Trainee: 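Submitted below is the structure of interest, expressed as structure tokens.
These numbers were taken from a predicted model, which means no experiment stands behind them. Heavy-atom basis, side chains included; hydrogens, waters and symmetry copies ignored.
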Amino acid sequence: MEKAIKKVLLLGSGALKIGQAGEFDYSGAQALKALKEEGIRSVLINPNVATVQTSKDVADVVYFQPVTADFVQRVIEKERPDGILLSFGGQTALNCGVELYKKGVLEQYGVKVLGTPVQAIIDTEDRDLFVRRLDEIGVKTIKSEACETIDEVRRAAELLGYPVILRAAFALGGLGSGFCDDEEELLAQAEEAFSFSAQILVEKSLKGWKEIEYEVVRDRYDNCITVCNMENLDPLGIHTGESIVVAPSQTLSNREYHHLRELAIRIIRHIGIVGECNVQYALDPDSEDYRVIEVNARLSRSSALASKATGYPLAFVAAKLGLGYGLFDLKNAVTKVTSAFFEPALDYVVVKIPRWDLTKFHGVKRQLGSSMKSVGEVMAVGRTFEEALQKGLRMIGQGMHGFVDNHEIKISSISEAMRQPTDMRIFVVSKALQVGYTVEQIHALTKIDLWFLHKLQHIVDIDGRLRQYSHLSDMASFVAPLELLEFLEEPDFMELLRESKVYGFSDFQIARAIGLENYMKMDDAGLLVRKWRQQLGIVPTVNQIDTMAAEYPAQTNYLYLSYL
């Protein structure tokens, strides 16, 4: 560690808004924890009082001021920090740090940028520089043009050919971005994008390609590891913050996985990032062709997901690396045993599901796209994709119980609802499968990978088999509930009950599938199914854990969670 560093200024996550603030509280709080552990005095600038990092005793000094160059300069003038951390407050902090650097404020007061150098940040944020830097090492980027006027935007779109995507440079949460199929849409989108940034990126659309992310860590000695890779269930065209994200990736071949991993490490080394970065790819589902979408030289929303999914404290480690440590110097603060130089290996599946509050507003457009509308997210862990997905769907606050056995949703046109995604997209897919759409038909409409669709079909198939036991509910009308056990002990039903729990069905879902709600309150029906399971021994006992671990050797860490 650099002994000269006694006081560090950390730029926080800024005011509360969609795409910024709450999701970066985790990274900032972890960085402050790392500073405290090193005995370094911390100064935090963050106007958002509703965060952990602004709580008492997390930072030594807190300024509840806007994260803008003018206010930060005043704090620097007063506090005279030795170093500054720019990568822990999202895009707002990053932009502010770049502005301070360009104005000469950091040099004027002798403030050292800890971690990733500012020029590396600029190289990833300025699209022209970014493409040039990646061209130097033969890494493919999306064909694009950086524009500063409407006329330049129009010419770039004609050159690239429609459809194109417009993105505002230096913007957070995809603000001002959108897909354009013709000039009318282009001009409308360009006007919006210019309201967020002086530079617009016009890019050739790769809508329908897979979207893959890698979280990569590098120290100043050029040691690199990939901590986690993730895959969007939705194809390119929907912002990562709006999409269901699965970690680790499920549909990549071994060759694809290692090729993209090698590219991510090559990129972070060439740009010179110190700490953590996020590399996002578009991958052609019909070949091994790829494009780098962007590189975030900072902790991101995906970094928080990767940290919690893997048990690797990315922000904590990144802060330590910024202070001069090497990966080989650090222990994993979560495991307390392994080195920070170890890449986590997951034997379970993590699913992140976004949540929206669009129902609170009248007349709001519910279509999803490249600009974020979600206000939160849920992370679920399971031994299988089906289990993790169903757990997550129960928690997103839309009154759903899983992928199936929910209240009826009204859809005027299922095909159109799948073609134009909304916040209810996953439940539209559920309804489509239940009314007879094939996975191939749904794939043609949504471009969701067939692997995911077959897994969703599997959930629907289990539900259909449960419904074949509706005669048990008929018996419940004249037989004492627990006396039904003699009818339930047939091997096929017991196996089906166990299988439904393994793949994420709640007792409530099972009760609804077999029709118990026709004879009792649903809460009572769910409790009855739980009693049946307990009487039949379908619970996570040690013996069953051993048996199931033999059946599913790669996914033993979370066996108990199947039965919650």
Trainee: Tell me whether Arg291 contacts the main-chain N or O of Leu283 through its side chain, where contact means a donor paired with an acceptor under 3.5 Å.
Mentor: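 Looks like no, no N/O pair under 3.5 Å.
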
Trainee: Mind listing the closest non-hydrogen atom pair of Ser302 and Glu213 along with its distance?
Mentor: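 Of all heavy-atom pairs spanning Ser302 and Glu213, the closest is OG-OE1, 2.7 Å.
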
Trainee: Would you check if the side chain of Lys352 reaches a backbone N or O of Ser243 as a donor-acceptor pair within less than 3.5 Å?
Mentor: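 Flag set: sc Lys352 to bb Ser243 pair under 3.5 Å.
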
Trainee: Could you tell me which non-hydrogen atom of Val317 sits nearest to which non-hydrogen atom of Tyr312, and how far apart they are?
Mentor: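 Minimum heavy-atom contact is CG1-OH, 3.7 Å.
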
Trainee: Kindly determine whether Glu387 and Val502 satisfy side chain to side chain contact (heavy atoms under 4.5 Å, CB included), including the steps that lead there.
Mentor: CA-CA 7 Å; Glu387 179 194 359; Val502 165; 5.9 Å; no

Trainee: Using modelled atom types only, decide if a donor and an acceptor are shared between the side chain of Arg425 and the backbone of Thr446 within a distance under 3.5 Å.
Mentor: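 Checking the backbone N and O of Thr446 against the side chain of Arg425, a donor-acceptor pair under 3.5 Å is found.
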
Trainee: Can you tell me if Asn278 uses its side chain to pair, donor with acceptor, with the backbone of Ser300 under 3.5 Å?
Mentor: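 No; judged by distance alone, with no hydrogens or angles, the pair does not exist.
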
Trainee: Working note: Arg394 + Met400, criterion side chain to side chain contact (heavy atoms under 4.5 Å, CB included); need CA distance, chi angles, decisive distance, verdict.
Mentor: CA-CA 6 Å; Arg394 283 197 279 277; Met400 300 299 187; over 6 Å; no

Trainee: Run the ring pair (Phe, Tyr, Trp, His ring centres under 6.0 Å) check on Tyr221 and Phe328 step by step: do they pass?
Mentor: CA-CA 10 Å; Tyr221 305 103; Phe328 47 82; 5.4 Å; yes

Trainee: For the residue pair Leu305 and Met230, establish whether any side-chain heavy-atom pair is separated by less than 4.5 Å.
Mentor: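 Counting from C-beta outward, Leu305 and Met230 do come under 4.5 Å.
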
Trainee: For Glu136, I'd like to know if atom CD has over 12 heavy atoms of other residues, nucleotides or ligands within 6.0 Å.
Mentor: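 For Glu136, atom CD is crowded (more than 12 foreign heavy atoms under 6.0 Å).
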
Trainee: Just to verify, which of Asp286, Asp449, Asp289 counts as forming a salt bridge (Lys or Arg N to Asp or Glu O under 4.0 Å) with Lys210?
Mentor: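 Exactly one pass, corresponding to Asp449.
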
Trainee: Could you tell me if Lys140 sits above the aromatic ring of Tyr281, with its cationic atom closer than 6.0 Å to the ring centre and no more than 45 degrees from the axis?
Mentor: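 No, a cation-pi geometry is absent between Lys140 and Tyr281.
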
Trainee: Measure from the side-chain N and O atoms of Gln509 to the backbone N and O of Val404, and report whether any donor-acceptor pair falls under 3.5 Å.
Mentor: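 Looks like yes, one N/O pair under 3.5 Å.
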
Trainee: Would you mind telling me which of Leu129, Ile137, Thr116, Thr124 makes a side chain to side chain contact (heavy atoms under 4.5 Å, CB included) with Ile271?
Mentor: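 So the option named by the test is Thr124.
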
Trainee: Would you check if the side chain of His270 reaches a backbone N or O of Arg133 as a donor-acceptor pair within less than 3.5 Å?
Mentor: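 Judged by distance alone, yes, a pair lies under 3.5 Å.
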
Trainee: Classify the angle between the aromatic ring planes of Tyr257 and Tyr214 as parallel (below 30°), tilted (30 to 60°) or perpendicular (above 60°).
Mentor: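 Tilted, since the angle between the ring planes falls between 30° and 60°.
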
Trainee: Inspect the contact between Asp151 and Arg155 and indicate whether a charged nitrogen and a carboxylate oxygen are less than 4.0 angstrom apart.
Mentor: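 The answer is no: the pair does not qualify as a salt bridge.
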
Trainee: Decide yes or no on side chain to side chain contact (heavy atoms under 4.5 Å, CB included) for Asp463 and Asp405, but give the supporting numbers first.
Mentor: CA-CA 8 Å; Asp463 184 59; Asp405 299 304; 2.6 Å; yes

Trainee: Where do Glu148 and Gln199 land on the side-chain hydrogen bond (donor to acceptor under 3.5 Å, both in side chains) test, with the steps shown first?
Mentor: CA-CA 5 Å; Glu148 296 181 356; Gln199 185 188 69; 4.6 Å; no

Trainee: Examine distances only and state if a side-chain atom of Glu203 and a backbone atom of Leu201 form a donor-acceptor pair shorter than 3.5 Å.
Mentor: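 No; zero donor-acceptor contacts below 3.5 Å.
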
Trainee: How about Glu191: does its CD atom have over 12 heavy atoms from other parts shown lying under 6.0 Å from it?
Mentor: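 No, CD of Glu191 has 12 or fewer neighbouring heavy atoms, counting only those of other groups under 6.0 Å.
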
Trainee: Side-chain contact test, heavy atoms from C-beta onward, threshold under 4.5 Å: evaluate it for Thr251 versus Glu231 and give yes or no.
Mentor: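 They are in contact (side-chain heavy atoms under 4.5 Å apart), so the answer is yes.
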
Trainee: Out of the candidates His258, His259, Arg266, only one should pair with Glu262 under the side chain to side chain donor-acceptor pair (under 3.5 Å) rule; please name it.
Mentor: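 Single pass found, and it is Arg266.
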
Trainee: Determine whether Glu99 and Asn95 satisfy the following criterion, side-chain hydrogen bond (donor to acceptor under 3.5 Å, both in side chains), listing intermediate values before the conclusion.
Mentor: CA-CA 6 Å; Glu99 187 177 349; Asn95 291 350; over 6 Å; no

Trainee: Dump the intermediate steps for side chain to side chain contact (heavy atoms under 4.5 Å, CB included) on Ile293 and Thr141, then the final yes or no.
Mentor: CA-CA 6 Å; Ile293 301 171; Thr141 54; over 6 Å; no

Trainee: Tell me whether Lys143 at atom NZ has more than 12 heavy atoms from other residues, nucleotides or ligands lying less than 6.0 Å away.
Mentor: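 Open: at most 12 neighbouring heavy atoms sit under 6.0 Å from NZ of Lys143.
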
Trainee: Does Arg154 pair with Glu158 as a salt bridge, N-O distance under 4.0 Å?
Mentor: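 The answer is no: the pair does not qualify as a salt bridge.
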
Trainee: Between Lys331 and Ser339, does a side-chain hydrogen bond (donor to acceptor under 3.5 Å, both in side chains) hold up when you go through it step by step?
Mentor: CA-CA 4 Å; Lys331 291 284 186 186; Ser339 164; over 6 Å; no

Trainee: Using only atom types and a distance under 3.5 Å, with no angle test, would you say the side chain of Gln30 pairs donor to acceptor with the backbone of Tyr26?
Mentor: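 Checking the backbone N and O of Tyr26 against the side chain of Gln30, no donor-acceptor pair under 3.5 Å is found.
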
Trainee: For His458, does its backbone N or O pair with a side-chain atom of Glu386 as donor and acceptor, under 3.5 Å?
Mentor: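 Checked: no pair found.
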
Trainee: With distance as the sole test, does Arg355 use its side chain to make a donor-acceptor pair with the main-chain N or O of Ile396 at under 3.5 Å?
Mentor: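 Pair found, side chain donor or acceptor close to backbone of Ile396.
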
Trainee: I'd like to know whether Tyr437 forms a side-chain hydrogen bond (donor to acceptor under 3.5 Å, both in side chains) with Ser415, so could you lay out the CA-CA distance, the side-chain angles of the two residues, the decisive distance to 0.1 Å, and finally the verdict.
Mentor: CA-CA 9 Å; Tyr437 279 71; Ser415 295; 2.8 Å; yes

